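Just below is one structure, and these are the notes that go with it.
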Amino acid sequence: MMDINALKIQLMQKIIACNDDVLLKQIGELLQGVEVKEPEKDYEVESHKNLLSKEQLEELDRRLEAYKSGTEKAIPWEEAKREIEKKYGF
């Protein structure tokens with residue numbers, strides 16, 4: 001059985017893709033009585049809370065800014081993988 005949030009997303013995708021104005025009007029009429037509460041300014045989707053700590057997120061932000069500014073360079077995945085394998089003997 002599909003969870004409720006997955007069902008909502010699936011329905012929204014279908015509504016967005018739909019170009020049948022009659023069907024869209026019918027859906028609108030069907031949902032007429034559903035109360036919609038606008039999210040507050042500090043609204044957060046609870047099911048998508050980050051698994052990283054605040055410090056980890058800050059470090060990622062710092063590294064991204066350093067990369068964008070050119071003070072740090074990125075290396076290709078294959079090179080990084082080779083370095084890891086070499087360092088840890090994989």
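Since this is a predicted model, take the numbers as computed values, not measurements. Side-chain atoms are counted along with the backbone in the values below, which use heavy atoms only and exclude waters and symmetry mates.
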**OP:** To the nearest 0.5 Å, tell me how far D61 CG sits from E58 CD.
**Re:** 7.5 Å
Original post:
So do E83 and I75 actually touch side chain to side chain, heavy atoms under 4.5 Å?
Top reply: yes
Subject >> Distance in Å, L57 CG paired with E55 CD, rounded so as to fall on 0.5 Å steps >> reply: 9.0 Å
Original post:
For R62, which residues count as a salt bridge (charged side-chain N to carboxylate O under 4.0 Å, His left out) partner, sequence neighbours excluded?
Top reply: E59, E72
Original post:
Would you say the side chain of Q13 lies within less than 4.5 Å of the side chain of I16, judging by non-hydrogen atoms?
Top reply: no
Original post:
Transitive ILVMFWY cluster of L23 at side-chain heavy atoms under 4.5 Å: who else is in it?
Top reply: I15, L24, I27, L31, V34
Subject >> S69 side, atom OG; L64 side, atom CG - distance, nearest 0.5 Å >> reply: 9.5 Å
Original post:
How about Q10 and L7: do any of their side-chain heavy atoms sit closer than 4.5 Å?
Top reply: yes
Subject >> Flag side-chain contact, heavy atom, 4.5 Å: Q56 against L60 >> reply: no
